[in-house]
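So that the names make sense, note that chain A is the first sequence line, chain B the second, and so on, each numbered from 1. Just the heavy atoms: all of them, side chains too, but no hydrogens, waters or symmetry mates, feed the values below.
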Amino acid sequence: MPELPEVEVIRRGLAKKLIGQTFLHVQRNDKRLRRQSEAAALAALCGKTVTRLSRRGKYLLIQVDDGQTLVVHLGMTGRLFVLPASCPLPSHAHLVLTCQSGQRLVYQDARRFGQLVLYPAGVRPPELAQVGLEPWSRRLTPEWLAQKSAGLTRPVKNFLLDGRFIAGIGNIYASEILFAAGLHPQTPAGRLSRAQWTAVIQAGRRILAKAIRAGGTTIANFADCEGQAGLFAVQLQVYGRAGEPCPVCAAPIQRLVLAGRSTFWCPHCQPAAALAPLRRKSYQTAGG
DNA sequence: CACCCCACCTGCGTGC
DNA sequence: TGCACGCAGGTGGGGT
């Protein structure tokens with residue numbers, strides 16, 4: 001689930017159900033997460049009313065009326081959903097917040113790569129300081145990306161996965177965005193032209209927005225308490241499709257591993273020839 | 001610095 | 001049926 005679109009879909013769904021709800025009971029199991037507050041600290045949510053749900057990159061922020069903020073990260077397998085009182089808890093339910101309506105907010109995470117940290121009022125969560133620009137930020141421009149990537153030789157795929165630059169892009173959408181932008185995933189980040197960065201920004205915004213819209217149909221399943229099985233109805237063009245024909249040109253989709261992560265691309269639509277290192281020079285001096 | 005590798009976990013699909 | 005293995009949507013600490 002957990003790239004920006006999925007977190008945003010969850011945020012919107014939870015906002016409808018949780019804002020104004022008061023937590024009457026806090027239940028935390030003894031399994032460690034990647035980052036966590038102690039169970040005793042989480043108990044401070046008891047009696048507090050949800051005022052706001054926001055998102056920063058892949059982090060979900062649940063704010064309550066005394067100013068505390070529960071910062072949630074879903075890791076690889078984390079899920080957040082609201083269960084009717086009658087529904088049994090699923091396995092790997094690490095945090096259960098019972099509302100005055102009887103509904104329960106559940107954090108479930110099989111692999112436990114996620115985070116549940118409660119910060120007091122006035123404290124700025126330090127992990128958010130590392131989060132880069134939101135994809136729709138006005139500050140996200142081809143010039144900004146050119147500056148940040150100047151001199152970097154790492155593949156542009158790895159650059160997109162580095163949330164300190166653009167926040168929220170994960171392994172699936174990195175491949176999808178580069179396909180839409182017509183860029184070979186191994187292109188050195190520092191060699192992209194201004195036009196290529198523009199294509200990355202535009203493809204990124206379009207694909208992420210489309211995924212959010214598609215994910216909207218998914219959250220309803222959570223509401224109906226059948227959230228276990230195959231969720232995201234996102235139309236993936238290349239991810240996970242090695243050997244299948246490219247939806248644009250029918251060439252077989254290729255798979256390669258970059259920074260230890262599966263990467264999918266079309267050899268015809270994303271030719272390595274797009275490297276064009278010559279074009280970079282004038283652009284680098286111009287773009288700063 | 002920049003970059004890569006790997007650990008952190010459980011579950012699922014595949015092939016023997 | 002059982003088991004070993006590879007793979008999985010993320011992050012960040014540590015090594016090169």
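Between T77(A) and the phosphate of dG11(B), there is no side-chain N or O to OP1/OP2 separation shorter than 4.0 Å. The side chain of N158(A) contributes an N or O atom lying less than 4.0 Å from OP1 or OP2 of dC4(B). For the OP1/OP2 pair of dC9(B) and a distance below 4.0 Å, the side-chain nitrogens and oxygens of R34(A) include no atom meeting the criterion. Look at R35(A) and you won't find any side-chain N or O under 4.0 angstrom from OP1 or OP2 of dT11(C). Contact annotation: H92(A) side-chain N/O to dG11(B) OP1/OP2 distance is under 4.0 Å. Remark: K58(A) is in phosphate contact with dT11(C), judged by side-chain N or O atoms under 4.0 Å from OP1 or OP2. Put simply, H73(A) has a side-chain N or O that comes within less than 4.0 Å of OP1 or OP2 on dT11(C). The phosphate of dC3(B) has OP1 or OP2 within less than 4.0 Å of a side-chain N or O from R154(A). Taking 4.0 angstrom as the limit, T153(A) places none of its side-chain polar atoms (N or O) nearer than this to OP1 or OP2 of dA2(B).
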Might you work through the salt bridge (Lys or Arg N to Asp or Glu O under 4.0 Å) test for E134(A) and R55(A), ending with a clear yes or no? CA-CA 10 Å; E134(A) 292 291 322; R55(A) 179 191 59 73; 2.9 Å; yes
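Atom-to-atom, CG of L74(A) to C1' of dT11(C) comes out at 13 Å; the value is rounded to the nearest Å. Regarding L152(A), its CG atom lies at a distance of 14 Å from the C1' atom of dC4(B), rounded to whole Å. Between the CG atom of D109(A) and the C1' atom of dG10(C) there is a distance of 11 Å, given to the nearest Å. Between the CZ atom of R255(A) and the C1' atom of dA8(C) there is a distance of 11 Å, given to the nearest Å. Atom NE2 of H94(A) and atom C1' of dC8(B) are 13 Å apart (whole Å). One can place CD of E127(A) at 16 Å from C1' of dG13(C), the figure rounded to the nearest angstrom. Rounded to whole angstrom, the span from the CZ atom of R261(A) across to the P atom of dC5(B) amounts to 13 Å. Atom pair K31(A):NZ and dG11(B):P shows a separation of 9 Å (rounding to whole Å applied).
Side-chain proximity of A110(A) to the nucleotides dC8(B), dA8(C), dT10(B) is greatest for dT10(B). For Y59(A), taking side-chain heavy atoms from C-beta onward, the closest of the listed nucleotides dG10(C), dA8(C), dG12(C) is dG12(C). Considering only the side chain of S262(A), dC7(C) comes nearest among dC7(C), dC9(B), dG10(C).
Checking D109(A) against T77(A) by side-chain atom types alone, a donor-acceptor pair falls below 3.5 Å. Using modelled atom types, one finds a donor on one side chain and an acceptor on the other under 3.5 Å when comparing S101(A) with Q21(A). Judged purely by distance below 3.5 Å, without hydrogens or angles, the side chains of R255(A) and T263(A) never pair a donor atom with an acceptor atom. E127(A) and Q115(A) form a side-chain donor-acceptor contact under 3.5 Å, judged by distance and modelled atom types alone.
What you find for L118(A) and A44(A) is that their closest heavy atoms are CD2-CB, 4.1 Å.
The same atom, P, is picked in dC5(C) and in dA7(B); the two are 16 Å apart, to the nearest Å. Here, dC6(B) and dG6(C) have their P atoms 13 Å apart, quoted to the whole Å. Taking atom P on both nucleotides, dT11(C) is separated from dC1(B) by 22 Å, rounded to a whole Å. The separation of dC5(B) from dC7(C), taken at their P atoms, amounts to 15 Å, rounded to a whole angstrom.
Positionally, the nearest nucleotide of DNA chain C for R111(A) lies more toward the 5' end than for the other of G163(A) and R111(A).
dC8(B) has its base stacked against the ring of F113(A), the centroids being under 5.5 angstrom apart at an interplanar angle below 30°.
In this structure, L161(A) reaches neither bases nor backbone, as no heavy-atom distance under 4.0 Å exists between it and the strands shown. No engagement by G260(A) is indicated, since no non-hydrogen atom pair under 4.0 Å with the nucleic acid exists.
R28(A) is linked by a salt bridge (charged side-chain N to carboxylate O under 4.0 Å, His left out) to nothing, counting only residues two or more places apart in sequence or in another chain.
Here dC3(B) sits opposite dG15(C) as a Watson-Crick or G-U wobble pair (both hydrogen-bonding atom distances under 3.5 Å). dC9(B) is unpaired under the Watson-Crick or G-U wobble criterion, no partner having all donor-acceptor distances under 3.5 Å.
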